[in-house]
K.L.:
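Take a look at the following structure, please.
All heavy atoms count here, side chains included; hydrogens, waters and symmetry mates do not.
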Amino acid sequence: MAHTDPHSGQGSVTAADPGETPKTRTAESRTTRSRASKARTPHASTTDRAGNHIRPAPPLWSVLALTAGAAVIVGTYLWVLTTQPATLGADLGNTTLGVMVGYLLGAVLIAAGTLPRIPRSVLALMPVMIALNIATGQIVGTMTPIPLYLDSLGTVIIGVIAGPAAGALTGILTNVIWGVTINPTVIAFTAGAAFIGAAAGWAARLGGFRRIWWAVIAGALAGIPAGLIATPVAAFIYGGGLGVGTGSVVAALQGAGASMLGAATIQGLGSDIADKAIIFALAFLVIAALPSRLRSRFPFTEHSKVKRSAAKRAAAKRSAAQGTPPDTAGSSHAAASSH
């Protein structure tokens, strides 16, 4: 194959491989450049063939920290049920502080495992969501005759936008801060608060927040184990419901002949199923109302993209084919139909 010497301007002949063509040389040079680029940035590929974002696998120490934190929370919960301390939540005495330390230790381990993977925007939003939990829970759960709580809306929102671990961490911190500042009795229910935050993240990952009715069903299903987690604490430690509304339901069921545990179980399941269905629906509305630019700051919300209806998808395809924005196409179609 002939090559031109750039300095002399004359052609020179070099030996070529058998079957070599300009196309094969070009392909080889492209392959070489591609390999060199990959060698410079070995971790640059974060998408699959379909263009979906691929998050790197969490390190082993993160998984171990999350597992240890969950184990500490479960152990503290089981210790409360086993010992049934009569002074738990009565004041900030040794028993209440001991339970608080157990849940805090679990929160620290979960935070150690999940904080490196939580966006800073979530960390900035978490105190606001904790304050929302405490405010609504204190008003609705303890001061009104409504047999609901509504004290985990912020926890569910964090779980949907940042994942199960972040949601569980928000639930734990909510109950501990709430217990220290206002109402020590809520500390005993920290395990249930952690579960709801994790359940919200699991539901979002499975697509449970793509439609509002899916969110309602996911909340109702999450309310079943949440009620079963809270029922033994309410029955064995506090003698039934703590709030005005929940306590009156337990008292009415006992008056009808139900045992303390039976009354607390019926009340807990009924209240938690309705409560979590409402909260998951409210969280869906809040997240769906966020602008796309704001949602893009939370990568986990990719699991909760609201699916458009078939009519909207068809309109979008027509507008793309015509080269007009969807809104313009819709308005022109409406104008044409009106005439």
Side-chain angles (χ1 to χ4, degrees), residues 47-48 50-55 58 66 110 114 117-133 136-137 140 148-174 192-227 229 271-313 316:
T47 57
D48 58 13
N52 298 319
H53 181 73
I54 301 176
R55 300 189 67 181
L66 290 172
I110 291 177
T114 191
R117 300 178 60 83
I118 296 179
R120 292 182 180 179
S121 52
V122 174
L123 295 178
L125 187 61
M126 198 174 288
V128 179
M129 296 295 102
I130 291 174
L132 174 64
N133 287 341
T136 55
V140 177
L148 298 174
Y149 317 104
L150 302 183
D151 58 352
S152 56
L153 176 58
T155 300
V156 171
I157 291 175
I158 294 294
V160 174
I161 68 175
L169 179 61
T170 305
I172 296 169
L173 294 179
T174 293
F195 170 78
I196 287 300
W202 295 330
R205 182 174 290 162
L206 294 174
F209 282 84
R210 292 181 182 272
R211 296 286 179 87
I212 188 169
W213 293 115
W214 296 357
V216 171
I217 294 173
L221 293 176
I224 297 174
I229 292 172
S271 295
D272 271 285
I273 290 173
D275 182 77
K276 302 311 180 287
I278 294 172
I279 287 175
F280 275 50
L282 292 175
F284 171 89
L285 295 175
V286 171
I287 294 168
L290 295 177
S292 299
R293 182 177 299 179
L294 183 59
R295 287 170 59 96
S296 64
R297 299 181 183 179
F298 311 112
F300 199 81
T301 57
E302 288 295 318
H303 298 290
S304 304
K305 277 188 175 179
V306 178
K307 289 186 175 180
R308 294 182 297 178
S309 63
K312 289 184 178 180
R313 288 196 298 268

K.L.:
So how far is it from Arg297 CZ to Ile161 CD1, rounded to the nearest 0.5 Å?
P.N.:
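That separation rounds to 11.5 Å.
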K.L.:
Supply the atom-to-atom distance Leu125 CG to Ile158 CD1, rounded to the nearest 0.5 angstrom.
P.N.:
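Rounded to the nearest 0.5 Å, the CG-CD1 separation comes to 4.5 Å.
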K.L.:
Looking only at heavy atoms, what is the nearest atom pair of Pro225 and Leu221, with distance?
P.N.:
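Answer, listing the atom of Pro225 first, then Leu221: CD-O, 3.0 Å.
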K.L.:
Calculate, to the nearest 0.5 Å, the distance between atoms CD1 and CG belonging to Ile287 and Leu282 respectively.
P.N.:
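Answer rounded to 0.5 Å: 11.0 Å.
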K.L.:
Out of curiosity, Lys276 NZ to Leu150 CG, how far, rounded to the nearest 0.5 Å?
P.N.:
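Going from the NZ atom of Lys276 to the CG atom of Leu150 covers 8.5 Å.
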K.L.:
What closest approach, in Å, do Ala203 and Phe280 show between heavy atoms, and which atom pair accounts for it?
P.N.:
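Closest pair (atom of Ala203, atom of Phe280, distance): CB-CE2, 4.3 Å.
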K.L.:
Compare every heavy atom of Phe195 with every heavy atom of Ala222, then report the nearest pair and how far apart it is.
P.N.:
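Between these two residues, the closest heavy atoms are O-CE2, 3.5 Å.
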K.L.:
Within the side chain of Asp272, is there an N or O that forms a donor-acceptor pair under 3.5 Å with the backbone of Ile224?
P.N.:
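Looks like no, no N/O pair under 3.5 Å.
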K.L.:
In Å and rounded to the nearest 0.5 Å, what is the CD1 to CG distance from Ile279 to Asp151?
P.N.:
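Separation between the atoms: 6.0 Å.
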K.L.:
Does a side chain donor of either Thr155 or Asn133 reach within less than 3.5 Å of an acceptor in the other side chain?
P.N.:
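Distance-only check passes for Thr155 and Asn133.
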K.L.:
What are the two closest heavy atoms between Trp214 and Gly207, and how far apart are they?
P.N.:
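Scanning both residues, the minimum pair turns out to be CE3-O, 3.2 Å.
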K.L.:
With distance as the sole test, does Thr114 use its side chain to make a donor-acceptor pair with the main-chain N or O of Ile110 at under 3.5 Å?
P.N.:
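Judged by distance alone, no pair lies under 3.5 Å.
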K.L.:
Indicate the atoms forming the closest heavy-atom contact of Pro164 with Phe300, along with that distance.
P.N.:
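Answer, listing the atom of Pro164 first, then Phe300: CD-CZ, 4.1 Å.
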K.L.:
Checking the side chain of Arg205 only, and the main-chain atoms of His303 only, is there a donor and an acceptor separated by less than 3.5 Å?
P.N.:
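Here the side-chain-to-backbone pair does not exist.
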K.L.:
Drop me the distance from Thr136's OG1 to Leu148's CG, to the nearest 0.5 angstrom.
P.N.:
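Between Thr136 OG1 and Leu148 CG, I get 11.5 Å after rounding to 0.5 Å.
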K.L.:
Of all heavy-atom pairs between Ala283 and Val156, which one has the smallest distance, and what is that distance?
P.N.:
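Where Ala283 meets Val156 most closely, the heavy atoms are CB-CG1, 3.6 Å.
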K.L.:
Under 3.5 Å, side chain of Ser304 to main-chain N/O of Phe209, donor-acceptor pair present?
P.N.:
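Not confirmed, Ser304 side chain does not pair with Phe209 backbone.
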